[in-house]
> 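Dropping the structure in here first, questions after.
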Amino acid sequence: MILANKKAIVTGASRGIGQAIALRLAAAGADVACVSRSAESVQSTVDAIKALGREAWPVAVDVADGKAVEKAVEDILALMTRVDILVNNAGVTRDTLLARMTEADWDAVLDTNLKGAFHWTKPVSRLLIKQRSGRIINISSVIGLIGNAGQANYAASKAGLIGFTKSIAREFASRSITCNAVCPGFIDTDMTKGLSDDLKKVILTKVPLARLGTPDDIAATVEFLCSPAASYITGQAIAVDGGMVM
Ligand code: NAP
């Protein structure tokens, strides 16, 4: 129980990577506020955490809405009394070549993936600073490291998240708060479900470990970064990608 009685917020906890992270942190002893756009979508994660004997709360908020996030942080604090861990995981794609990309495609991805992390980190960091401890984990992507045709908006959001992570790490290090980014490769979730089998085969030729990642591969790294064993790691962008980017 390396995270016994820690209080965590995980955004995008209704499925995929965020759900796996919420469950991992709970299995390690944390109570978790589970964020998604609707309380219904995140209820199964909440129920699974309660079945592990931990506390969990559904939090319905759009991470792109700054005012709503500030209010959600107040509500969460009233429930959990403190926050030790923030995982900014909520993310979306609107893939298309630049020539066809609309401003709405750009804004939707940047507002959720990058601005969403800003909206959560600002109010939560005030609490962490007072406590003089805390862990912030931002879920970026290998696409933020190497780019990808058809994903200019997504790559920009994920590269931005890495710059954000390094700046936050420097800003809060003196208060014993660490901030790291995890960069998943291709992970088997709803986000990648739409890829054709042919494309998946091509992707696998670029993955030395020759398999798609699982949500739990990412959750295990997040759990480690939240643990006492990772107290001297900050400002890093850690690829969890089967060796795709090295
Ligand atoms: P997913 O299965 O599509 O799940 C996305 C999660 O984000 C859902 O819980 C969704 O909740 C939530 N979400 C989306 N927009 C939101 C918003 N505006 N406000 C609040 N919650 C929102 O995606 P995933 O594959 O697990 O990806 C999780 C993270 O990992 C994302 O940041 C993604 O970019 C990153 N990532 C994924 C891969 C991959 O291969 N899958 C690779 C690299 C990085 P609701 O829809 O229920 O509201």
Side-chain angles (χ1 to χ4, degrees), residues 9-24 32-46 48 56 58-73 76 86-95 104 107-120 137-148 151 153-162 164-165 181-195 199-200 203-204 206-207 211-219 221-222 237-242 244-245:
I9 299 172
V10 179
T11 71
S14 63
R15 56 180 190 271
I17 292 170
Q19 183 178 53
I21 292 170
L23 292 176
R24 267 263 178 184
V32 189
C34 300
V35 179
S36 79
R37 283 167 290 192
S38 82
E40 294 75 40
S41 72
V42 87
Q43 192 58 45
S44 63
T45 308
V46 169
V59 180
V61 64
D62 181 343
V63 300
D65 181 342
K67 287 224 156 49
V69 171
E70 265 199 47
K71 168 80 171 57
V73 172
I76 288 169
L86 170 64
V87 184
N88 288 308
N89 164 79
V92 291
T93 52
R94 289 256 193 120
D95 297 352
D107 287 346
V109 171
L110 271 289
D111 285 356
T112 300
N113 299 9
L114 183 55
K115 215 171 179 186
F118 163 72
H119 286 149
W120 280 97
I137 320 284
N138 296 318
I139 305 301
S140 175
S141 168
V142 289
I143 302 305
L145 298 170
I146 61 173
N148 196 23
Q151 290 198 301
N153 49 359
Y154 185 77
S157 72
K158 295 301 186 178
L161 211 40
I162 293 171
F164 180 70
T165 298
V182 175
C183 301
F186 281 90
I187 311 300
D188 196 4
T189 69
D190 286 355
M191 194 174 264
T192 50
K193 210 181 247 170
L195 299 178
L199 187 54
K200 280 187 187 162
I203 290 166
L204 284 180
K206 296 179 180 155
V207 179
R211 66 169 175 85
L212 293 185
T214 66
D216 201 50
D217 288 326
I218 308 307
T221 304
V222 172
I238 299 168
V240 183
D241 64 349
M244 203 179 137
V245 175

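Counting begins at 1 with the first residue of the sequence. Ligands are counted one by one from 1 in listed order, and the atoms in each one are counted from 1 as well.
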> Quick check on contacts: which atoms of ligand 1 are under 4.0 angstrom from a heavy atom of Val92?
14 (C), 15 (N)
> For ligand 1, which atoms have a heavy atom of Val61 less than 4.0 angstrom away?
19 (N), 20 (C)
> Run the numbers for me: atoms of ligand 1, each under 4.0 Å from some heavy atom of Asp190, listed by number.
2 (O)
> Touching ligand 1 at all, Lys158? Heavy atoms, strictly under 4.0 Å?
yes
> Starting from atom 7 (O) of ligand 1, find the nearest protein heavy-atom neighbour and note its residue, name and distance.
Gly12 CA, 3.4 Å
> Below 4.5 Å, heavy atoms only, C-beta onward: do Thr93 and Val109 meet side chain to side chain?
no
> Measure the shortest side-chain to side-chain distance between Ile9 and Trp120 over non-hydrogen atoms and say whether it is less than 4.5 angstrom.
yes
> With a 4.5 Å limit on heavy-atom distance, are the side chains of Cys183 and Asp241 in contact?
no
> What is the closest protein heavy atom to atom 19 (N) of ligand 1, and at what distance does it sit?
Val63 N, 3.0 Å
> Considering only non-hydrogen protein atoms, determine which one is nearest to atom 4 (O) of ligand 1 and report residue, atom name and distance to 0.1 Å.
Arg15 NE, 3.7 Å
> Considering only heavy atoms of Phe186, which atoms of ligand 1 have at least one such atom less than 4.0 Å away?
40 (O)
> State whether the shortest distance between N or O atoms of Thr192 and N or O atoms of ligand 1 falls below 3.5 angstrom.
no
> Suppose we measure from atom 32 (O) of ligand 1 to each protein heavy atom; which comes out shortest, and what is that distance?
Asn89 O, 2.7 Å
> Quick check for you: to the nearest 0.5 Å, what is the distance between His119 atom NE2 and Lys115 atom NZ?
5.0 Å
> Starting from atom 22 (C) of ligand 1, what is the nearest protein heavy atom, named by residue and atom, and what distance separates them?
Ala90 CB, 3.6 Å
> Taking the side chain as C-beta and beyond, is there a heavy-atom pair between Asp217 and Arg211 under 4.5 Å?
yes
> Counting only heavy atoms closer than 4.0 Å, does ligand 1 sit against the backbone of Ile17, its side chain, both, or neither?
both
> Looking at Asp62, which atoms of ligand 1 are within less than 4.0 Å of one of its heavy atoms?
17 (C), 18 (N), 19 (N)
> Hey, is Thr189 touching ligand 1 through its side chain, its backbone, both or neither, going by heavy atoms under 4.0 Å?
side chain
> For Pro184, which part has a heavy atom under 4.0 Å from ligand 1: side chain, backbone, both, or neither?
both
> Do the non-hydrogen side-chain atoms of Asn153 and Asn113 ever get within less than 4.5 Å of each other?
no
> Tell me whether Ile187 has any N or O atom under 3.5 angstrom from an N or O of ligand 1.
yes
> Quick one: nearest non-hydrogen protein atom to atom 16 (C) of ligand 1, plus distance?
Arg37 NE, 3.5 Å
> With a cut-off of 4.0 Å, which atoms of ligand 1 are near a heavy atom of Gly16?
26 (O)
> What residue and heavy atom of the protein are closest to atom 8 (C) of ligand 1, and at what distance?
Ser14 OG, 3.4 Å
> Run the numbers for me: atoms of ligand 1, each under 4.0 Å from some heavy atom of Ala13, listed by number.
9 (O)
> Contact between Thr112 and ligand 1, counting heavy atoms under 4.0 Å?
yes
> Show the atoms of ligand 1 that are less than 4.0 angstrom away from any heavy atom in Ser41.
47 (O)
> Are the side chains of Leu110 and Ser157 in touch, meaning some heavy atoms are under 4.5 Å apart?
yes
> Does Gly185 come within less than 4.0 angstrom of ligand 1, counting non-hydrogen atoms of the residue?
yes
> Could you check whether any heavy atom of Ser140 sits closer than 4.0 Å to an atom of ligand 1, since that is the contact criterion I want to use?
yes
> Any non-hydrogen side-chain atom of Ile21 less than 4.5 Å from a side-chain atom of Ile139?
yes
> To the nearest 0.5 Å, tell me how far Leu114 CG sits from Asn138 CG.
9.5 Å
> Give the residue and atom name of whichever protein heavy atom lies nearest to atom 33 (C) of ligand 1, and the separation in Å to one decimal.
Tyr154 OH, 3.4 Å
